[in-house]
Asks: 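Below you'll find the structure I mean.
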Amino acid sequence: MARAGGRIGGHSGILDGSLQPVFQPMQEIYDPAAVEAAAQRSWDEAGTFRAVEDPTREKYYCLSMFPYPSGRLHMGHVRNYTIGDVISRYMRMQGRNVLQPMGWDAFGLPAENAAMANNVPPARWTYDNIATMKRQLKALGFGLDWDREVTTCRPEYYRWNQWLFLRMLERGVAYKKTGTVNWDPIDKTVLANEQVIDGKGWRTGAVIEKREIPMYYLGITRYAQELLDEVEQLAGWPERVRTMQANWIGRSEGVTIAFPYTLEGQARQLKVFTTRADTLMGATFVAVAAEHPLAAHAARGDAALAAFVDECKRGSVMEADLATMDKKGMPTGLTVTHPLSGAAVPVWVGNYVLMGYGEGAVMGVPGHDERDFAFARKYSLPIVQVIDVAGQPYSTDAWQAWYADEGVCVCSGRYDGLDHAAAVRAIAADLQAQGCGSLQVQWRLRDWGISRQRYWGCPIPIIHCDACGDVPVPDKDLPVVLPEDLVPDGTGSPLAKLRSFIDCECPACGKAARRETDTMDTFVDSSWYFLRFASAGNEQAMVDGRVEYWLPADQYIGGIEHAILHLLYSRFWTKVMRDIGLVKISEPFSNLLTQGMVRNGIYFRKPASGRVVYYNPTEVEVLTDAKGTPIGARLKADGEPVESGGIGTMSKSRNNGVDPQAFIDRYGADTARLFMMFAAPPELSLDWSDEGAEGAFRFLKRLWKAVHTHVQAGPVAALDRSALAPADRDLRRLAHQTLAKVGDDYGRRRTFNTAIAAVMELLNAITRHDAASPDARAVVHEALDIAVLTLSPVVPHVTEALWHALGHPGSMVDETWPQPDPEALVQDAIELVVQVNGKLRGRISVAVDADEASVRAAALADADVRRHIGEMTVRKVIVVKGKLVSVVAA
RNA sequence: GCGCGGGUGGCGAAACUGGUAGACGCAGGGGACUUAAAAUCCCUUGCCGAAAGGCGUGCGGGUUCGAGUCCCGCCCCGCGCACCA
């Protein structure tokens, strides 16, 4: 490893002026292209970012979400990977052994769409995109270890998906059952949710139907309790992500209730789950999903009901669609028996009941559930109040929010007077005694269906034999290799039509058999790539001992849109690998940073007829009034007005993306990185601004010029700290305050925008500073060293050049982050503000160590303060140390 | 619909633990330099007001000596909702 070692540790070197600078010749003009090429070449030649396991050094694994190779890098990637690179470079300067890897989430639907559009195999399109994007990542100067590159569409990667799937199958973690998919009846193919628009197929326009097909599932619900318990312990994760995951897993304690009924002479039970068993005596109906066997049974003799069941099966499977549609129902004519009252309860089919959740049936308590209340009013079902809250008047005319509150049972026979908890306990006990129910923990989380009826994904390693059933592919035959030369046509997976792929021998009996043609969800690929980075190149095993050194990742960075699914699946997958004995960790990511979206202005014209045309902001000129307020916009090409659609996430459909490449070509990678980090804190959405980016470039030019001016003025004497002039002391204090602040912002707060603002303030002070005396020159030199050093994680190329220009022989990347000099931070007097009755009325200057009494006296003596107190009597004086004095007078 | 965030000048934002609202930057205005322009540098810029001062962090209320920050209610915007990645 290229680590110079010791030359600038802690208190020696640059910060005490003992180093005699030897200035390098320096260009007057900042030329980003030359500076960046030189810096990147020197890192490449030194192998600076190759990570090597070293048990004697503390590691730092900085992981950014790997990109889908969609074509070219977009601004979201630049933002994501710049955040990771700043943290990586900062940690390296803290002396950590840093691993920052990169790879490609290379399977997925867009490659199939591109393949159809261009008649090119998805593999070809994908590999071309990877080459382009890799070049772009290198141009941005990220300190990545490319020796560990992982590409998920390569057999050497996905064979381990298959291998682990077989291990899960052996343990029953993976299993087969039916699942619901979107079916396009014209193309006769399964569509992704994304391909269903307003309930219709995106290519055919046909009304989509729900269809039940056999699929493989991973039993994530087995880990629900552990996933929930541990997410609450992840102190390094944002609170909001932990809350979202906990809600998604959705533990609820309640009661499973069985409503007995008789069908075709047989005694059966219809099971529902509820967290409000205390309202059971108010249940006036039960509703089942359209796919429920009872619904199917009833529909056989009832054409109207059959039509309704069919109607329920139309439309997409998306939960957001199901939750927003009109609640509709129809009676089946069947009844079940209320397990406590013995009353006959009608069974309805409800379009809002999900077959995949619980047993596909719910009890209807219109008195105390808002949705059931609306349903009962619509279909004239009885509404019964069985819960009373503090004697509030109940009316079935309109829903009131308190109806759903917990209260005391009424009209519930022997349960009257019991509160929520007592009633649930009593009812559960009575149900249990009758064999009609019991207390139960229910999860919102569902098992993970991984089968996809698509080509460009990892083949599921199963062989179907008429004699032996579903037979796992033996380990020795892995990987099941995906042919890379097919082009899909939109009518189902081309794999399912490829005899040479399908036809095979049964591994068990040797007879002719059929290979499974479904592939795995691409979330499988991304659920463990971070482990493979630590075991790169191992052809014998999925992971090896290097994982123990690097994992868990110290920092994971990626978009907030992955807050639930990807992160939950990765946590689950890690636990499965732990239980198989492959890794020792339970949680893969110690710290998580969820970055916000990158947005830009939206401009369009809406022709009288035809589709809306979107114009890229680069093609548009914004018109402003005298104060700079935007008043309109026009197209540069024809000078005619365009409409403004506000600001939105950069997307192809709205044509408001900015290609980072054009920007880098013009201003350089450092300016792109600087603007991205400066414009907003990482967790907030970031609005692109050409002018703002220009400002970032201007700042780098000013920094360059400041160093150039300083260096041109000749040699600098060693800093003599004993007798600095007040102005020099002030600049030195600011420089060391900035050093402390930037380190805190990078390391603890992760607010790169405020770190950069602090360095900007420092540079402003440096350029204003009168550097005539030798002392002043020495202080300016130290301040420039600090400015360049603290900015280096953000803009590593230009700072590398400036570091040399300031007389330091080694590479900036090998520097150690220095400690601020406590002596420089010392301050004698501070300013306090004085409030009178909460309003700012005066400012006083007091000694740093002044006691409360003297601060109080100084505040009350201030002329402005006295004027505002006037005739009033001082009732109270509050002194907040180091901040303010608050005087209460009346 | 459900879950989770967010809303501060003309704009991006800052204010870290309840303590000076608007640091830093962009855009705007004025000036210097220049034959001119660009670039650069200097000054200025929340709103109202001549000033004193008043008002101001989506809206309405509350707690507090003091609220952008805490509490209650509402409005708007963004992300996710299990087959986009």
Side-chain angles (χ1 to χ4, degrees), chain A residues 65 67-68 70 105 108-110 179 181-182 190-196 238-241 243-244 246-248 250 317-325 327 352 356 371 444-446 448-454 521-523 526 559-566 568-569 594 596-597 599 624-630 646 648-649 675 678-681 683-696 698-699 701-702 705 744-745 748-749 751 753-754 756-761 764 767 831-840 843 875-878 880 883-884 886-889:
Chain A
M65 289 182 186
Y68 178 78
S70 55
D105 189 14
L109 199 53
V181 294
N182 302 304
V190 176
L191 296 184
N193 284 339
E194 189 190 52
Q195 297 170 315
V196 180
E239 186 66 44
R240 67 166 154 159
V241 175
T243 310
M244 279 193 263
N247 289 339
W248 184 264
V317 300
M318 286 170 71
E319 198 193 304
D321 290 348
L322 297 171
T324 49
M325 68 192 179
K327 309 291 175 284
Y352 61 94
R371 193 171 57 181
R444 210 191 75 95
L445 182 68
R446 309 199 293 262
W448 175 12
I450 60 158
S451 292
R452 297 291 179 272
Q453 298 68 46
R454 270 183 268 293
D521 180 4
T522 57
F523 272 125
S526 56
I560 183 67
E561 67 274 18
H562 294 294
I564 295 175
L565 291 179
H566 161 63
L568 196 62
Y569 292 150
T594 48
M597 301 274 163
R599 312 189 303 172
T624 57
D625 66 11
K627 288 187 84 172
T629 311
T649 311
F675 175 67
F678 179 63
E683 314 236 43
L684 258 59
S685 61
L686 181 156
D687 297 343
W688 182 258
S689 149
D690 285 323
E691 295 84 2
E694 190 99 35
R698 208 149 45 214
F699 170 70
K701 284 195 290 188
R702 275 215 321 276
K705 190 174 159 190
D744 187 47
D745 283 353
R748 179 182 65 90
R749 295 215 307 156
T751 52
N753 55 325
T754 54
I756 293 163
V759 182
M760 285 175 169
E761 283 186 77
N764 288 343
T767 50
E831 186 181 73
L832 300 184
V833 297
V834 186
Q835 295 180 341
V836 178
N837 290 339
K839 291 198 191 302
L840 175 63
R843 292 166 195 278
R875 304 276 182 206
K876 200 168 169 189
V877 178
I878 298 150
V880 182
K883 297 260 181 187
L884 56 65
S886 181
V887 179
V888 186

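Just so it is clear: chains get the letters A, B, ... in the order the sequence lines come, proteins before strands, and each one is counted from 1. Heavy atoms only: backbone and side chains are in, while hydrogens, waters and symmetry mates are out.
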Asks: Considering only atom P, compute the distance from B:rC81 to B:rC72 and round it to an integer number of Å.
Replies: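 Going atom to atom, P in each nucleotide, I get 29 Å.
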Asks: Once you round it to whole Å, what is the distance between P of B:rA85 and CD of A:E561?
Replies: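 Nearest whole value for this atom pair: 13 Å.
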Asks: Quick one: label A:T522 by what it contacts on the DNA or RNA (base, sugar-phosphate, nothing), any heavy atom closer than 4.0 Å.
Replies: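 Sugar-phosphate only.
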Asks: Counting any heavy atom closer than 4.0 Å, what does A:S685 reach on the DNA or RNA strands: base, sugar-phosphate only, or nothing?
Replies: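 Here A:S685 touches the backbone only, sparing every base.
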Asks: Taking the same atom, C1', in B:rG60 and in B:rA51, what whole-Å distance lies between them?
Replies: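 To the nearest whole Å, 34 Å.
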Asks: Give, for atom CG of A:L840 and atom OG of A:S886, the distance between the pair rounded to the nearest 0.5 Å.
Replies: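 Interatomic distance, A:L840 CG to A:S886 OG, rounded to 0.5 Å: 11.0 Å.
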Asks: Under 4.0 angstrom, heavy atoms only, what part of the nucleic acid is A:Q835 near: base, sugar-phosphate, or nothing?
Replies: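 A:Q835: base contact, heavy atoms under 4.0 Å.
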Asks: Check the distance between B:rC26's P and A:F699's CZ and give it to me in whole angstrom.
Replies: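 From A:F699 CZ to B:rC26 P: 11 Å.
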Asks: Using the P atom as the reference point in each nucleotide, state the distance between B:rG12 and B:rG62 in Å, no decimals.
Replies: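 Straight-line distance between the two P atoms is 31 Å.
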Asks: For A:T754 and A:D745: C-alpha separation, side-chain torsions, deciding distance, then whether side-chain hydrogen bond (donor to acceptor under 3.5 Å, both in side chains) applies.
Replies: CA-CA 7 Å; A:T754 54; A:D745 283 353; 2.9 Å; yes
Asks: Does a nitrogen or oxygen in the side chain of A:R749 sit under 4.0 Å from OP1 or OP2 of B:rA15?
Replies: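 A:R749 to B:rA15 OP1/OP2: side-chain N or O found under 4.0 Å.
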Asks: Base, sugar-phosphate alone, or nothing: which one does A:P67 contact when heavy atoms must sit under 4.0 Å apart?
Replies: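 Result for A:P67 = nothing.
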Asks: Indicate, yes or no, whether a donor-acceptor pair under 3.5 Å links the base of B:rU20 to the side chain of A:R843.
Replies: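 Checked by distance alone, the answer is yes.
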Asks: So does A:K839 get a side-chain nitrogen or oxygen closer than 4.0 Å to the phosphate oxygens (OP1/OP2) of B:rC55?
Replies: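 Indeed, a polar side-chain atom of A:K839 lies that close.
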Asks: If you assign A:E239 and A:I756 each to the RNA chain B nucleotide with the nearest heavy atom, which residue ends up on the more 5' nucleotide?
Replies: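 Looking at the nearest nucleotide for each, A:E239 comes out on the 5' side.
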Asks: Kindly compute the distance separating CG (A:L568) from CH2 (A:W448), expressed to the nearest 0.5 Å.
Replies: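 These two atoms lie 9.5 Å from each other.
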Asks: What is the distance from atom NZ of A:K883 to atom CD1 of A:I878, rounded to the nearest 0.5 Å?
Replies: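 One gets 15.5 Å once the value is rounded to the nearest 0.5 Å.
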Asks: Could you walk me through whether A:E561 and A:H566 pass the side chain to side chain contact (heavy atoms under 4.5 Å, CB included) test, one step at a time?
Replies: CA-CA 9 Å; A:E561 67 274 18; A:H566 161 63; over 6 Å; no
Asks: So what does A:L322 touch, heavy atoms closer than 4.0 Å: a base, only the sugar-phosphate, or nothing?
Replies: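 The residue A:L322 makes no contact with any strand.
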Asks: Once you round to the nearest 0.5 Å, how far does CD of A:E683 lie from OG1 of A:T594?
Replies: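 Reported value, rounded in 0.5 Å steps: 4.5 Å.
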Asks: Could you tell me whether A:Q453 contacts a base, only the sugar-phosphate backbone, or nothing, with contacts defined as non-hydrogen atoms closer than 4.0 Å?
Replies: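 Base contact - A:Q453 has a heavy atom under 4.0 Å of at least one base atom.
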Asks: Could you measure between the two P atoms, the one in B:rU8 and the one in B:rU69, and give it in whole Å?
Replies: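 The answer is 13 Å between these two P atoms.
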Asks: Check whether any side-chain nitrogen or oxygen of A:N764 sits under 4.0 Å from OP1 or OP2 of B:rG25, and answer yes or no.
Replies: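 Yes.
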Asks: Within the side chain of A:N182, is there an N or O that forms a donor-acceptor pair under 3.5 Å with the backbone of A:V317?
Replies: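 Yes: the side chain of A:N182 pairs with the backbone of A:V317.
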Asks: How far does the P atom of B:rA67 sit from the matching atom of B:rG18, given to the nearest Å?
Replies: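 Nearest-Å result for B:rA67 against B:rG18 at atom P: 14 Å.
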Asks: Nearest-Å distance, CZ (A:R446) to C1' (B:rC81)?
Replies: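 Atom CZ in A:R446 sits about 9 Å away from atom C1' in B:rC81.
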Asks: How close or far is atom P of B:rC84 from atom CZ of A:R452, stated in whole angstroms?
Replies: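 The distance from CZ of A:R452 to P of B:rC84 comes to 8 Å, rounded to the nearest Å.
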Asks: Between OG1 of A:T324 and CE of A:M318, what distance do you get to the nearest 0.5 Å?
Replies: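 So the OG1 of A:T324 and the CE of A:M318 are separated by 9.0 Å.
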Asks: At 4.0 Å (heavy atoms only), tell me whether A:S886 reaches a base, stays on the sugar-phosphate, or touches nothing.
Replies: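 Base contact.
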Asks: Regarding A:W448, tell me which of base, sugar-phosphate or nothing describes its non-hydrogen contacts under 4.0 Å with the strands shown.
Replies: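 Answer is nothing: A:W448 stays at 4.0 Å or more from every strand.
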Asks: Quickly work out the A:E694 CD to B:rC11 P distance and round it to whole Å.
Replies: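 Nearest whole value for this atom pair: 21 Å.
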Asks: Is any side-chain N or O of A:R240 closer than 4.0 Å to OP1 or OP2 of B:rG78?
Replies: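 No, A:R240 has no side-chain N/O under 4.0 Å of OP1/OP2 on B:rG78.
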Asks: Tell me if the side-chain of A:R748 makes a donor-acceptor pair with the base of B:rC16, cut-off 3.5 Å, by modelled atom types.
Replies: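 Flag set: donor-acceptor pair detected.
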Asks: Reading 5' to 3' and counting Watson-Crick or G-U wobble pairs with both distances under 3.5 Å, write the dot-bracket notation for RNA chain B, | for bases paired outside the strand.
Replies: (((((((..(((......[....))).(((((.......))))).(((....)))..(((((..]....))))))))))))....
Asks: On a heavy-atom basis, which atom in A:M65 and which in A:G559 lie closest, and how many Å separate them?
Replies: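 Smallest heavy-atom distance, with atoms named: SD-N, 3.9 Å.
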Asks: Checking one value: the base orientation of B:rG49, syn if chi is within 90 degrees of 0, otherwise anti.
Replies: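 This nucleotide is in anti.
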Asks: Looking at every strand, decide which applies to A:F523 at a 4.0 Å heavy-atom threshold: base, sugar-phosphate, or nothing.
Replies: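 Base contact - A:F523 has a heavy atom under 4.0 Å of at least one base atom.
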Asks: Would you kindly give the CG-to-C1' distance between A:D321 and B:rG1, to the nearest whole Å?
Replies: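 Atom CG in A:D321 sits about 11 Å away from atom C1' in B:rG1.
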Asks: Select base, sugar-phosphate, or nothing to describe what A:F678 touches, counting heavy atoms under 4.0 Å on all strands.
Replies: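 Result for A:F678 = base.
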Asks: Assign A:I878 to base, sugar-phosphate, or nothing according to its heavy-atom contacts below 4.0 angstrom with the strands shown.
Replies: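 Base, at least one base heavy atom under 4.0 Å.
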Asks: Please test A:F675 against A:W688 for ring-ring contact (aromatic ring centres under 6.0 Å, His included), starting from the C-alpha separation and ending with a verdict.
Replies: CA-CA 9 Å; A:F675 175 67; A:W688 182 258; 5.0 Å; yes
Asks: By nearest nucleotide on RNA chain B, pick out whichever of A:L840 and A:T767 is the more 5' one.
Replies: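 Result: A:L840.
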Asks: Describe the nucleic acid contact of A:H566 in one word from base, sugar-phosphate, nothing, applying a heavy-atom distance below 4.0 Å.
Replies: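 Result for A:H566 = nothing.
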Asks: Could you check whether A:V888 gets within reach of a base, just the sugar-phosphate, or nothing at all, counting any heavy atom under 4.0 Å?
Replies: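 Touches sugar-phosphate only.
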Asks: When rounded to the nearest Å, what value does the distance between C1' atoms of B:rA21 and B:rA14 take?
Replies: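 Going atom to atom, C1' in each nucleotide, I get 9 Å.
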Asks: Taking atom P of B:rC24 as reference, at what distance in whole Å does atom CE of A:M760 sit?
Replies: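 Distance, rounded to whole Å: 11 Å.
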Asks: Touch check for A:A320, heavy atoms < 4.0 angstrom, all strands: base, sugar-phosphate only, or nothing?
Replies: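 Since a base atom lies under 4.0 Å of A:A320, the category is base.
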Asks: Send over the distance from A:N753 CG to B:rC16 C1', rounded to a whole Å.
Replies: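 Distance, rounded to whole Å: 12 Å.
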